[in-house]
Amino acid sequence: MNTPINAAATVAHGSGQPSGTQARWLGQLDRGIGLLVELPAALLVLAEVGVLLVGVIWRYLLHSPIIWSDELASILFLWLAMFGSVVALRRGEHMRMTALVGMLGPRAQAFLDVLAMTAALAFLLLMAEPAYEFASEEVWVTTPALDIANSWRASALPVGIVLMISVALLRLARVGRAADVLWAALAVVATIGAAVLAGPVFAGLGNLNLLLFFVVGVGVMVFLGLPIAFSFGLATFGYLSLATSTPAIVMVGRMDEGMSHLILLSVPLFVFLGQLIEMTGMARAMVGFLASLLGHVRGGLSYVLIGAMYLVSGISGSKAADMAAVAPVLFPEMKARGAKPGDLVALLSATGAQTETIPPSLVLITIGSVTGVSIAALFTGGLLPGIVLGVALAALVWWRYRDEDLSHVRRASRGEIGKAFLIALPAIALPFIIRAAVIEGVATATEVSTIGIVYAVIAGLLVYREFDWRRIYPMLVDTAALSGAILLIIGAATGMAWALTQSGFSNTLATVMRELPGGVPVFIAVSIVAFIILGSVLEGIPAIVLFGPLLFPIARQIGVHEVHYAMIVILAMGIGLFAPPFGVGYYAACAISRISPDEGMKPILGYLAALAVGLIVVAAFPWVSIGFLG
Amino acid sequence: AEFQFKYATGQDPTHPVNIRAQEAIDRIREATSGRLDIKLFPANQLGSDTDLLGQVRNGGVEIFNLSSLILATFVPVSGITSMGFAFNDYNAVWQAMDGDLGKHIRAEIAKTPIMTLGKIWDNGFRHVTSSTRVIKTADDIKGFKMRVPPAPALTSLFKAIGAAPAPINFNELYSALQTVVVEGQENPLAIIATARLYEVQKTCSLTGHVWDGYWVLGNKRAFAKLPADVQGIVGRELDRSADDQRADIAALNDSLQKDLAAKGLTFHTVDREPFRKALSSTSFYQEWKDKYGATAWELLEKVSGKLG
Ligand code: NA
Ligand code: NA
């Protein structure tokens with residue numbers, strides 16, 4: 001994200017900038033708010049590591065599981081997500097699509113930066129009252145394990161929103177030109193006002209509203225450079241309040257659930273683990289070894305990336321966590337060797353889609369439980385399709401890097417490789433330790449990152465002797481900010497998915513697909529297209545919950561093996577999930593690798609095409625999916 | 001339609017809860033000549049149970065099917081239906097739930113922004129499954145590492161009889177059982193079947209340690225807007241489906257046991273009396289009596305006999 005919102009800060013001081021003393025005062029206020037949110041955010045990351053670790057130790061070593069550890073982790077997680085979102089807003093790290101914005105002149109860009117912040121502010125102001133109402137309603141609900149009022153958890157939303165409002169106001173006051181702010185505010189108010197006046201029209205449009213708000217509306221906002229999370233949020237808020245009679249408080253509840261799903265907790269933890277690996281020199285050792293092995297091969301480290309994602313995917317249930325574990329290790333070295341950032345993030349995104357079927361995957365488990373297909377069979381069936389798509393990606397890598405100039409790279413000797421291996425050994429052991437901890441039942445996928453963190457700390461302190469204590473605090477804050485940026489999008493997308501679901505359009509689609517002429521090939525082809533779109537706007541799991549029960553019986557009826565169909569559906573959804581401009585997965589990949597979404601837009605087209613080819617192979621040859629089912 | 005409602009459930013689309021809810025919805029549409037159109041959203045499509053409980057309170061959904069155990073986070077006394085080893089069989093359950101205890105709970109729910117729309121539906125008796133040791137007696141369960149949902153009625157029960165209950169997110173349960181993060185879990189047979197837990201478990205002990213039911217909850221404001229005759233139709237048709245759904249579960253309990261046995265899950269019958277005795281020797285029943293209050297407790301003991 002090298003085109004963050006605070007790019008406005010680099011705009012020349014024009015008329016209407018705050019005067020000297022005022023600027024100093026605002027600057028102090030900004031630093032005050034910074035400390036107020038960054039310190040708790042850092043402590044929350046640390047607390048999460050501690051809580052999960054304590055849970056694992058008590059259950060696995062002391063055989064006396066703690067009842068409240070998961071619940072406490074989940075409560076802290078919502079606070080972490082909200083404080084992380086505030087930190088991200090303050091630093092301008094909420095993801096934006098600036099592909100179009102980037103083509104404009106500096107004046108227009110500065111205005112759109114201000115507009116983006118103003119629109120974010122509008123969303124926050126609209127949500128503030130419902131968020132407060134939501135939290136105060138939760139006073140009456142008791143959390144099951146800790147037996148405390150659920151407001152302890154839900155208050156994170158109004159508190160976070162109010163902090164974000166102050167950050168946004170302060171940012172506008174500090175860096176926006178007065179005229180820009182005025183015009184932006186006018187534009188936002190006028191748009192909202194026009195929409196409200198047109199209210200009765202929406203009520204008569206039925207499901208056409210979905211197209212209007214979620215395709216046109218989200219599309220326009222995303223390409224204007226509004227942060228993705230706020231684009232999703234504004235479209236959903238607009239749809240729910242103008243086209244339905246849903247109270248706004250529902251949106252808050254959906255964001256709450258979307259942002260604090262315990263499975264997602266592995267995201268910040270793997271992000272932190274990635275930073276630790278880098279800081280302790282483990283990453284360098286690992287890449288050094290891989291580079292000595294494959295450095296003389298064109299595109300060598302790209303193959304390593306594809307392979308590494310395949311291996312890591314088997315550990316965590318969450319794609320964002322997988323990417324967070326791999327990217328920080330490989331990207332610095334790949335960049336140093338001249339890889340273009342855009343190509344890196346595109347490939348990372350593509351591997352995210354490629355590895356969707358690799359167990360244990362949440363999507364597989366969800367398919368199994370909502371459609372009645374054996375989860376064990378899905379776990380077995382998912383291994384080979386992931387390899388087929390990996391081969392398709394590798395073929396494209398070979399093509400793209402076939403002319404890479406490696407004349408300056410010397411092939412490492414056996415001795416050098418051996419030495420690099422020894423140095424890297426404790427680092428290379430890490431993924432195996434993590435994997436073993438999961439397979440041996442020491443920890444769940446969510447908890448296992450904490451074991452990795454402990455290992456990395458010990459290896460860093462004792463083996464690599466590279467441990468800079470001063471870097472821990474900024475690393476924790478970075479982790480919180482990154483998590484906040486990702487989780488706010490997921491929260492808003494969860495609200496959006498609710499809006500789409502409640503419209504009931506899923507049944508319409510299922511009916512259309514049942515009555516398609518052309519038998520199996522047409523049904524599969526239409527499924528692929530449908531799930532690419534669904535994956536893009538709904539994300540994997542909501543789409544499966546919604547359409548799995550409707551479409552799997554149809555597949556069964558016309559003679560498509562369910563495991564085969566599951567693989568087709570998951571991979572299609574994966575492609576949608578990681579395809580810009582709507583796929584959340586793509587933005588997660590950009591956030592994790594700290595590369596602007598714009599840069600990956602072009603290179604990803606080729607990778608998406610390669611994935612599509614792989615998917616067609618998987619679809620055409622059922623054996624790939626069901627050949628190994630006993 | 002003049003009125004449009006959303007009806008949310010957390011169960012899989014093929015679960016009797018949804019089959020019978022859809023039938024009620026169809027009959028309601030017909031009986032009201034299309035004035036009330038209800039859309040069914042199964043399988044937590046509109047949110048997790050905890051979030052849906054919020055939605056039915058604030059009007060995000062108008063009707064919501066919720067386990068009595070989870071409703072207890074909002075209306076504490078509704079958890080009493082899951083008192084450990086209280087109900088011996090379904091006769092006892094329906095006697096209590098269609099009788100005074102059910103009435104008492106309904107009245108407590110009605111003090112909030114939500115209401116119950118008639119009879120309670122059946123979730124089932126919960127049983128313990130294991131991939132390691134076979135659970136037959138209260139001694140077998142000592143130190144048994146098992147996943148228990150974070151409901152105080154259940155965690156306190158298993159703690160009191162000396163098991164080691166662990167909180168594992170339901171999403172992670174299948175994997176956690178497969179890798180033996182925990183040795184076992186407890187659920188009604190229908191869940192053991194639909195979540196395919198039998199693939200990663202060896203034995204099922206028919207402990208029937210607690211019974212759990214589903215309340216069909218309605219948003220009061222939304223229902224107040226319905227004309228009296230429509231309200232009457234909704235109540236009548238949902239109650240008819242409640243009876244049908246109870247019969248479905250009763251039939252399922254027999255057939256599921258056969259199905260699951262055929263798929264390799266070994267069933268063991270369990271003498272429940274020693275478990276109840278073991279519990280009585282602890283402060284378990286006394287603590288819950290203090291929590292639920294004397295009135296509710298008396299209504300329960302009228303059916304269960306003296307507890308503790
Ligand atoms: Na996976
Ligand atoms: Na999306």
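Below, chain A is the first sequence line, B the second, and so on; all start at residue 1. Just so it is clear, the model here is predicted, and its values are computed rather than measured.
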Open item on the list: What residues of residues 62-74 of chain B make heavy-atom contacts with chain A at a cutoff under 4.5 angstrom?
Closed with: B:T73, B:F74

TODO: Mark yes when over 12 heavy atoms from residues, nucleotides or ligands other than B:K225 sit less than 6.0 Å from its NZ; otherwise mark no.
DONE: no

Open item on the list: I'd like to know if the side chain of B:Q45 pairs up with that of A:T501 as donor and acceptor (distance under 3.5 Å, no hydrogens or angles considered).
Closed with: no

Task: Portion of A:L240 that has a non-hydrogen atom of chain B nearer than 4.5 angstrom - done: neither

Task: Inter- and intrachain pairs under ring pair (Phe, Tyr, Trp, His ring centres under 6.0 Å), touching residues 144-166 of chain B, at least two apart - done: B:F158-B:H209

Open item on the list: Minimum heavy-atom separation for B:D51 and A:E257, please, with both atom names.
Closed with: CB-OE1, 3.2 Å

Task: Listed partners of B:F223 passing ring-ring contact (aromatic ring centres under 6.0 Å, His included), at least two apart - done: B:F5

Open item on the list: If you count heavy atoms of other groups shown closer than 6.0 angstrom to NZ of B:K159, is the number above 12?
Closed with: no

TODO: Would you mind telling me which of A:D147, A:V442, A:I67 has the largest number of heavy-atom pairs within less than 4.5 Å of chain B?
DONE: A:I67

Task: Contact class of A:E138 relative to chain B, heavy atoms under 4.5 angstrom - done: both

- [ ] Could you check which of B:R57, B:H15, B:K6, B:Q4 has the highest count of heavy-atom pairs closer than 4.5 Å to chain A?
- [x] B:R57

TODO: Search all heavy atoms of B:N58 against all heavy atoms of A:P247 and return the closest pair with its distance.
DONE: O-CG, 3.1 Å

TODO: Could you pull out the closest heavy-atom pair between B:P167 and A:D70, with the gap in Å?
DONE: O-OD2, 3.3 Å

Task: Closest approach of A:R254 to B:S48 (non-hydrogen atoms, all atoms of both residues) - done: NH1-N, 4.3 Å

Open item on the list: Do A:Q502 and B:V61 have side chains that approach each other closer than 4.5 Å (heavy atoms only, starting at C-beta)?
Closed with: no

- [ ] Would you list the pairs meeting ring pair (Phe, Tyr, Trp, His ring centres under 6.0 Å) in which at least one residue belongs to residues 172-198 of chain B, sequence neighbours left out?
- [x] A:F379-B:Y174

Task: Contacting moiety of B:Q11, where chain A heavy atoms sit under 4.5 Å - done: neither

